[in-house]
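Written out below as structure tokens is the structure these notes cover.
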Amino acid sequence: MNYAIRTDYPFRTTKKVIMKTKLSPEAKAIRDFYNTHNVSVVVDSVSDEAELIVTEVKDE
């Protein structure tokens with residue numbers, strides 16, 4: 001019978017195990033955009049049309 005046991009160790013391998021990878025430039029730009037802007041979606045219940053509202057966050 002095969003089963004898995006949860007541990008804090010990665011699976012054994014002969015290859016180098018990368019625990020953390022760097023973000024791609026595109027993913028970093030998306031993250032920075034969402035950190036500096038508020039994005040909200042408003043849906044009209046009658047017409048089922050969605051309106052996307054993006055506002056920049058002001059530093060206080």
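Numbers for residues simply follow the sequence, beginning at 1.
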Note to self: Same cluster or not: Leu23 versus Tyr34, using hydrophobic residues (I, L, V, M, F, W, Y) connected whenever any side-chain heavy atoms lie under 4.5 Å apart?
What the structure shows: no
Check: Which heavy-atom pair separates Glu56 from His37 by the least distance, and what is that distance?
Finding: CA-CD2, 3.8 Å
Next item on the list: Look at the side-chain heavy atoms of Ile, Leu, Val, Met, Phe, Trp and Tyr, link any pair under 4.5 Å apart, and say whether Val54 and Val57 land in one connected group.
Entry: no
Check: With sequence neighbours excluded, what pairs up with Asn35 under the side chain to side chain donor-acceptor pair (under 3.5 Å) test?
Finding: none
Check: Are Ile53 and Phe33 connected in a single hydrophobic cluster, I mean Ile/Leu/Val/Met/Phe/Trp/Tyr linked by side-chain heavy atoms less than 4.5 Å apart?
Finding: no
